[in-house]
Amino acid sequence: MKKRLSLIVIAFLVAIAAGCGPRKPSDLPADEIIIRAVERMKSLKGFHFLIDRSGTPAYLDEAEQFAFRRAEGEFVSPDEAIASVRIITPGIVGEIQAVGIGDRYWETNYLTGNWEELPSGMGFNPAVLFDPKVGLQPILQSDLSEVTVLEPVEIEELPDKLLYHLKGKIAGENLYAMSYGLMGPDTMDAEIWIDPNSFDVIRVLITQLLPGITEPTIWQVDFWDFDKVVDIEPPPVATP
C-alpha cells in the first residue's frame with residue numbers, strides 16, 4: 001500500500017512539474033502566423049526597438065567612413081521615431097541622435113553634436129524602417145518565402161516562454177530601399193520569433209552574405225514595450 005501511494009505521489013508531482021513548464025504554442029501554418037504577426041504590428045500604437053549589426057561593416061556613406069553599429073529607440077505609429085545611433089569610424093566609436101516625424105528628419109552632427117535637419121532620403125531615419133506602408137511590416141508580409149515553422153524556443157530575454165520560431169528567405173529589394181542601402185538587394189536568410197499569445201514580433205534576424213566576403217553581416221532587430229507611446233517633438237535646431 002505504501003509503495004502504491006508513493007508511486008501515486010510521484011506521478012502527481014511529475015504532472016505538476018509538467019504543468020508548470022512553458023506552454024507549447026498551438027500548431028499553426030507559417031503563413032497564418034506571419035499574417036497575424038504583421039497585422040498585430042500594424043495595429044500597435046508604438047514600441048521600443050533595438051537594431052544590432054555584427055560581422056561585415058555596413059557603411060552609411062559612399063566614402064565608407066561611417067559604419068552603422070546599432071540603433072535603439074522608440075517608434076510611434078504611424079511615422080514618428082527617435083533613436084540613438086552608434087557609428088564606427090576609423091579608430092572611434094561614437095553616437096548620433098536621430099528624430100523622424102513624417103517626411104521630416106533631424107540628426108545631430110557627428111563632430112559638433114548640433115541638431116541639423118536633413119533633406120528627405122538622407123541620413124538614417126528610423127521612422128521609415130517601421131512605416132506601415134513601406135517598412136518592415138509589409139516586407140515581412142510580401143517578401144518572405146520558403147518559410148518553415150521550427151520547434152518552439154525560449155530566448156534569454158523571455159525565460160519560461162515558448163515562442164514561435166520561423167525560418168525562411170527574404171527578398172532584398174524592398175529592404176535595400178527601406179534601409180538606405182544597408183541591407184540587400186540580394187535574397188537573404190531570415191529567422192523570426194513571435195509571441196504565440198499576442199503575436200507580437202519579438203525578434204527578427206537577417207543574415208546577409210556579400211559577394212566575395214566570407215564573413216556574413218548579421219542584423220538583429222528586437223522589440224518590446226508594445227503599445228508604449230512617447231512624445232516625439234522636433235529637436236531644437238540652431239538658426240544661422
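In this chain, numbering begins with 1 at the start of the sequence shown.
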Compute the centroid of each ring, for [X] and then for [Y], and state whether the two points are separated by less than 6.0 Å.
| X | Y | result |
| --- | --- | --- |
| Tyr59 | Phe66 | no |
| Phe223 | Phe49 | no |
| Phe124 | Tyr105 | no |

Counting N and O atoms only, with roles assigned by atom type, does the side chain of [X] sit under 3.5 Å from a partner on the main chain of [Y], one being a donor and the other an acceptor?
| X | Y | result |
| --- | --- | --- |
| Asp195 | Asp200 | no |
| Arg53 | Gly55 | yes |
| Thr108 | Ile96 | no |
| Asp225 | Lys228 | no |

NZ/NE/NH1/NH2 to OD/OE distance under 4.0 Å, [X] and [Y]:
| X | Y | answer |
| --- | --- | --- |
| Arg86 | Glu95 | yes |
| Arg203 | Asp222 | yes |
| Lys161 | Glu154 | no |

Closest heavy-atom contact between [X] and [Y]?
| X | Y | result |
| --- | --- | --- |
| Ile194 | Ile33 | CD1-CG2, 3.6 Å |
| Val85 | Ala98 | CG2-CB, 4.3 Å |
| Ala37 | Val201 | CB-CG2, 3.8 Å |
| Phe130 | Gln137 | O-NE2, 2.9 Å |
| Ala127 | Asp79 | CB-O, 3.7 Å |
| Ile232 | Ile101 | O-CD1, 3.8 Å |

- prompt: Which of these passes side-chain contact (heavy atoms from CB on, under 4.5 Å) with Phe199: Leu28, Val38, Ile35, Ile34?
  reply: Leu28
- line: The single option from Thr217, Thr207, Ile170 that satisfies side-chain contact (heavy atoms from CB on, under 4.5 Å) with Met188 is Ile170
If you draw a 6.0 Å radius around [atom1] in [X], do more than 12 non-hydrogen atoms from other residues or ligands fall strictly inside?
| X | atom1 | value |
| --- | --- | --- |
| Asp61 | CG | yes |
| Asp27 | CG | no |
| Asp31 | CG | yes |
| Phe226 | CZ | yes |
| Lys167 | NZ | no |

message: Go through it in stages, so that I can follow the logic: the residues are Arg70 and Leu50, the test is side chain to side chain contact (heavy atoms under 4.5 Å, CB included), and I'd like the CA-CA distance, side-chain angles, deciding distance and then a yes or no.
response: CA-CA 7 Å; Arg70 62 182 281 164; Leu50 171 64; 3.1 Å; yes
May I ask whether [X] and [Y] are part of the same hydrophobic cluster, defined by side-chain heavy atoms of I, L, V, M, F, W, Y residues being less than 4.5 angstrom apart, directly or through others?
| X | Y | answer |
| --- | --- | --- |
| Leu205 | Tyr176 | no |
| Val204 | Leu209 | no |
| Leu118 | Met178 | yes |
| Phe68 | Ile88 | no |

Answer yes if the side chains of [X] and [Y] hold a donor-acceptor pair under 3.5 Å, and no otherwise.
| X | Y | value |
| --- | --- | --- |
| Glu151 | His165 | no |
| Asn174 | Asp143 | yes |
| Gln220 | Asp52 | no |

task: Could I get the full list of side-chain hydrogen bond (donor to acceptor under 3.5 Å, both in side chains) partners for Ser84, not counting sequence neighbours?
output: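 Testing Ser84 for side-chain hydrogen bond (donor to acceptor under 3.5 Å, both in side chains), a comparison that skips the adjacent residues, returns Gln97.
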- request: Using a 4.5 Å cut-off on heavy atoms from C-beta on, say whether the side chain of Ile192 contacts that of Leu140.
  value: yes
field: Contact check, side chains of Phe75 and Glu80, non-hydrogen atoms, under 4.5 Å
entry: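 With C-beta onward as the side chain, the pair stays apart.
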task: Decide yes or no on side chain to side chain contact (heavy atoms under 4.5 Å, CB included) for Leu136 and Leu129, but give the supporting numbers first.
output: CA-CA 6 Å; Leu136 185 62; Leu129 305 182; over 6 Å; no
message: One pair to check against side chain to side chain contact (heavy atoms under 4.5 Å, CB included): Leu158 and Ile202. What are the steps and the verdict?
response: CA-CA 10 Å; Leu158 290 175; Ile202 303 298; 4.0 Å; yes
